[in-house]
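These notes are about the structure you will find just below.
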Amino acid sequence: MNEPLEITDAPKIVVAIDGYSSSGKSTMARELAKRVGYVYVDSGAMYRAVTLFALRNGLINEDGLVNKEGLIPHLHNLEVSFEQKTGKDGVQHTLLNGEDVEKEIREMRVSSHVSPVAVIPEVRERMVQLQQLMGKKKGIVMDGRDIGTTVFPNAELKVFVYAGLHERARRRWRELANKGMDIRFEEVYSNLEERDRIDTTREVSPLIKAEDAIELDNGAVTHEEQMEWLIKLFQDTIERIENESRS
Ligand code: DC
């Protein structure tokens, strides 16, 4: 089941996986990329890294207001990249100007300020620019909110992932607890609820399903079923493209 797929000669495609916070889309995207030998990009981590930069530089005040004028001039110098760790900790780490910030960007301090940072059009413009560069050579799986609508509107495969708020909060709370973070379930629940509200109602690139995205209700299936479904979808897409290029 977890064997890499034999797709060396196949055309490379772009896979866009969008959906709500903690819907399980990152796990799916990461696993698909690993199976098919593609690059994986967690675009949410990029918005989190910018938020961390703003917090560290005093650009978010106690009431959560972001100092846009202070942040915008720094954007063109901000580099967010990823490093694949080897060995026991074989996960991807997010780098902010070369510094490993993977642990810090997952903390509640960042989670509770990221949505107001992600609504700033200039922030989105810079992140989209970096994301499009990463996908230039294709062979990429990227997850986020606007990947199939704004970043890669021509992606060959688009998936939109749903899951109920309670289920997502449970998943997120367990994840944080497993990392040793002491946090109440209610806090995680209301943070997700608020982020859903901001993500779906913001003016620039709100979270919506791309017309040609295929939906998955992630609350209704097991992880194995989910992956089987996604891999089949990936293989069908490659086959379709191969057939199209032959005809
Ligand atoms: O996927 P995540 O929860 O780590 O994302 C963090 C925040 O970043 C989320 O609240 C909305 C924002 N985001 C976005 O606006 N656009 C993306 N493509 C990815 C994330």
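Sequential numbering from 1 along the given sequence is applied to the chain's residues. In listed order, ligands and their atoms are each counted from 1.
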Could Asp18 and Arg145 be called an ion pair, given the rule that one side-chain N must be under 4.0 Å from one carboxylate O?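 No salt bridge links Asp18 with Arg145.
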So, Glu31 and Arg35, do they make that salt bridge, N to O below 4.0 Å?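 No salt bridge links Glu31 with Arg35.
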Please collect all side chain to side chain donor-acceptor pair (under 3.5 Å) contacts where either partner lies in residues 61-70, sequence neighbours excluded, each pair once.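 Qualifying pairs: none.
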Partners passing ring pair (Phe, Tyr, Trp, His ring centres under 6.0 Å) against Tyr162 (at least two apart in sequence or in another chain):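 Tyr162 satisfies ring pair (Phe, Tyr, Trp, His ring centres under 6.0 Å) with Phe160 once adjacent residues are dropped.
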Applying side chain to side chain contact (heavy atoms under 4.5 Å, CB included), name anything that partners Glu242, two or more places apart in sequence or on another chain.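 Listed in chain order: Ala10, Pro11, Ile238, Arg246.
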Should we count CD of Glu203 as having more than 12 external heavy atoms under 6.0 Å?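 No, CD of Glu203 has 12 or fewer neighbouring heavy atoms, counting only those of other groups under 6.0 Å.
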Set of residues that line ligand 1, where lining means a heavy atom lies under 4.0 Å from it: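 If the criterion is a heavy atom under 4.0 Å, then ligand 1 touches Ser21, Lys25, Ser43, Gly44, Tyr47, Arg48, Val114, Ser115, Ala118, Arg124, Gly144, Arg145, Asp146, Ile147, Arg195, Asp199, Arg202.
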